[in-house]
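For reference, the structure is listed below as structure tokens.
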Amino acid sequence: MKNHSEYLNKKKDFIRENSSLSENFFTFYTGLFELQQKAYDALGEVSLSFESCGKDNLPFLKIEHLKLDSKILDVLNILALDISSEIKKTNPGMDFSAFESSFVTDATDLLKSLLAKDYSYFELKEKAYKLDISEILFMVHNIFKPLMIKAAENANLKIEKEDWLRGDCPFCGYLPDFSKIVESVDNKRKLHCSLCESEWEFPRLQCHVCGNDNQETLGYYEYEGTDYRIYYCEHCKSYIKALKIPKLKEESNIDLAVEDIVTGFLDSSMMQKGYVRC
Ligand SMILES: [Zn+2]
Ligand SMILES: [Zn+2]
């Protein structure tokens, strides 16, 4: 797992220059990343049911096989409590008590629904948890992230472009949050999974959401004076942010999970233009 809090700290000047994250959010994300790192370390060598999964049948993680053992549940339950206290530091009015008391019972269904992108399950839970769907998704996403990152690292899949030509993650099947263009490797584009942080190659001149490859309805904006780009599709009105990695920069030093958080202003500008983030 990348050291997100350290990378966030390195982005301080950028954040200040672009007013891209308030002081409160900066503190919150630093705390959140540290809690996720703690959970990741506590997970040790997790074992999720991977049997009968393989490179020939992607995405690798099979939702129907998922089982969370008591050790995993203990670690994730502590993380759930820790994240809710972290949120309450800046937002004392929030009440996670119903979510907290149901977490262990609901954990497997929460993860399965997240991976299946079955948001109706979360809508059903709004009343019981006394939280709205965006709050539930934020919690669930951040609680399961360390587990998914560890599981992807353990599986150590080597996905070639020809193995997987889709816009969702070849390991967990979830959605990308960011992408990069690597100049030193023929301007290859790679998508980055928002959940397990796997990266996979995807054609630069194709929409990752609807598959559109008609160049007349695809394009990108460059954020002036930076290496940030936003690729958009006029056909489905979706977009994805990207970071161009110049030839002399080391690709592995870039942390796209954090790049996503510090570039919220790019999302705002795209949403104002009528595009949606998928
Ligand atoms: Zn993934
Ligand atoms: Zn599209």
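Whatever order the structure lists ligands and atoms in, that order sets their numbers, starting from 1.
- Expressed to the nearest 10°, the angle at the Zn ion (ligand 2) joining SG in Cys210 with SG in Cys207 is 110°.
- At a threshold of 4.5 Å between non-hydrogen side-chain atoms, the residues Lys112 and Glu64 do not count as touching.
- Under the 3.5 Å distance criterion, the side-chain polar atoms of Lys62 are matched with a main-chain donor or acceptor of Pro59.
- In summary, an N, O or S atom of Cys236 is located under 2.8 Å from the Zn ion (ligand 2).
- Geometry at the Zn ion (ligand 1): SG/Cys169 and SG/Cys196 form an angle of 100°, nearest 10 degrees.
- No side-chain heavy atom of Phe33 sits under 4.5 Å from any side-chain heavy atom of Lys2.
- At least one N/O/S atom of Cys233, whether from backbone or side chain, sits less than 2.8 Å from the Zn ion (ligand 2).
- Between Phe202 and His208, the ring planes lie perpendicular to each other; the angle is over 60°, past the 30° to 60° tilted range.
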